[in-house]
A.B. asks: 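The structure's right below; bear with me while I get my questions together.
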Amino acid sequence: MGNKFKLDVVTPDRVFFNDETEMVILKTTEGDIGILYDHEPLVAPLRIGSMRIRMEDQTFKWAACSAGFLTVSDEQVTVVVDSAEWVDEIDMERALEAKRRAETRIQEGPEKGTDLVRARAALERAINRIRLRELKK
């Protein structure tokens, strides 16, 4: 077991993860980034995507995350995202329904008052959840 650092993952409604780990991998706006102990200080924006946290048994626990940001400082990593959900807890029916709703709103377009930016973000979140759930079956 290597050196560990403190990882906090928070959403507006809860502390999603609060423990020590050896590694976390996230999707930034520039691509995937892996954080290990003694990483250089950093602040980075996060995209909708996956988060992988190395657990005590050396396996990775996967989560679907929305956009947010990452800060790295002295042996402390903080991830702030709009939402986070463990892959094994994703309700596939709910994700598929969210995808259908977003697609419908996009097809209706601005003529029906659709905010296309929000609808596209909802579609991306739904697709991310579905993809991760299928990947980790």
A.B. asks: Which of these passes side-chain contact (heavy atoms from CB on, under 4.5 Å) with L46: I33, T29, V81?
C.D. replies: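 When I33, T29, V81 are each tested with L46, the side-chain contact (heavy atoms from CB on, under 4.5 Å) holds only for V81.
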A.B. asks: Roughly how far, to the nearest 0.5 Å, is the CG atom of L70 from the OG1 atom of T28?
C.D. replies: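 Separation between the atoms: 8.5 Å.
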A.B. asks: Identify which one of R105, R100, K99 satisfies the salt bridge (charged side-chain N to carboxylate O under 4.0 Å, His left out) criterion when paired with E103.
C.D. replies: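 The option that passes is K99.
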A.B. asks: Before you tell me yes or no, could you show the steps for E56 and K61 under salt bridge (charged side-chain N to carboxylate O under 4.0 Å, His left out), namely the whole-Å CA-CA distance, both residues' side-chain angles and the distance that decides it to 0.1 Å?
C.D. replies: CA-CA 10 Å; E56 188 75 27; K61 189 158 184 179; over 6 Å; no
A.B. asks: Given the rule in the salt bridge (charged side-chain N to carboxylate O under 4.0 Å, His left out) test, do E75 and K6 qualify, once you have shown the distances and angles that lead to the verdict?
C.D. replies: CA-CA 6 Å; E75 299 176 32; K6 178 85 164 107; over 6 Å; no
A.B. asks: Given the rule in the side-chain hydrogen bond (donor to acceptor under 3.5 Å, both in side chains) test, do Q76 and D8 qualify, once you have shown the distances and angles that lead to the verdict?
C.D. replies: CA-CA 8 Å; Q76 171 71 42; D8 289 317; 2.9 Å; yes
A.B. asks: What do the steps show when you test M92 against I130 for side-chain contact (heavy atoms from CB on, under 4.5 Å), and what is the final call?
C.D. replies: CA-CA 7 Å; M92 187 63 106; I130 292 164; 4.0 Å; yes
A.B. asks: Hydrophobic clustering (ILVMFWY, side-chain heavy atoms < 4.5 Å, transitive) - are V10 and L7 grouped together?
C.D. replies: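 They do not share one cluster, since no chain of ILVMFWY contacts under 4.5 Å joins L7 to V10.
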A.B. asks: Walk me through it: do F60 and I25 pass the test side-chain contact (heavy atoms from CB on, under 4.5 Å)?
C.D. replies: CA-CA 10 Å; F60 281 93; I25 302 170; 4.2 Å; yes
A.B. asks: Just by modelled atom types, is the R54 backbone N or O under 3.5 Å from a matching donor or acceptor in the T21 side chain?
C.D. replies: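 At least one qualifying donor-acceptor pair exists.
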A.B. asks: Roughly how far, to the nearest 0.5 Å, is the CE atom of M51 from the OG atom of S66?
C.D. replies: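 That separation rounds to 10.0 Å.
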A.B. asks: Measure the shortest side-chain to side-chain distance between F5 and I35 over non-hydrogen atoms and say whether it is less than 4.5 angstrom.
C.D. replies: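 Of all side-chain heavy-atom pairs linking I35 with F5, at least one is under 4.5 Å.
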A.B. asks: Can you name the closest pair of heavy atoms from S50 and N128 and give their distance?
C.D. replies: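 Scanning both residues completely, I find the closest heavy atoms to be N-OD1, 4.2 Å.
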A.B. asks: When you look at R52 and D32, which way does the salt bridge (charged side-chain N to carboxylate O under 4.0 Å, His left out) test go after all the steps?
C.D. replies: CA-CA 11 Å; R52 291 166 276 174; D32 286 355; 3.5 Å; yes
A.B. asks: Above 12 or not: heavy atoms from other molecules or residues under 6.0 Å from CG of D74?
C.D. replies: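 Atom CG in D74 is not crowded, with 12 or fewer foreign heavy atoms closer than 6.0 Å.
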A.B. asks: Are V80 and V24 linked, directly or through intermediate hydrophobic residues, by side-chain heavy-atom contacts shorter than 4.5 Å (ILVMFWY only)?
C.D. replies: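 V24 and V80: separate clusters.
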A.B. asks: Starting at CH2 of W62, measure out to CG of D88 and round the result to the nearest 0.5 Å.
C.D. replies: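 Rounded to the nearest 0.5 Å, the CH2-CG separation comes out at 13.0 Å.
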A.B. asks: Does Y37 form a side-chain hydrogen bond (donor to acceptor under 3.5 Å, both in side chains) with E22? I'd like the steps, not just the answer.
C.D. replies: CA-CA 6 Å; Y37 179 82; E22 290 181 349; over 6 Å; no
A.B. asks: Can a salt bridge be assigned to the pair R47 and E124 using a cut-off of 4.0 Å between side-chain N and carboxylate O?
C.D. replies: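 Judged by the 4.0 Å cut-off on N to carboxylate O distance, R47 and E124 do form a salt bridge.
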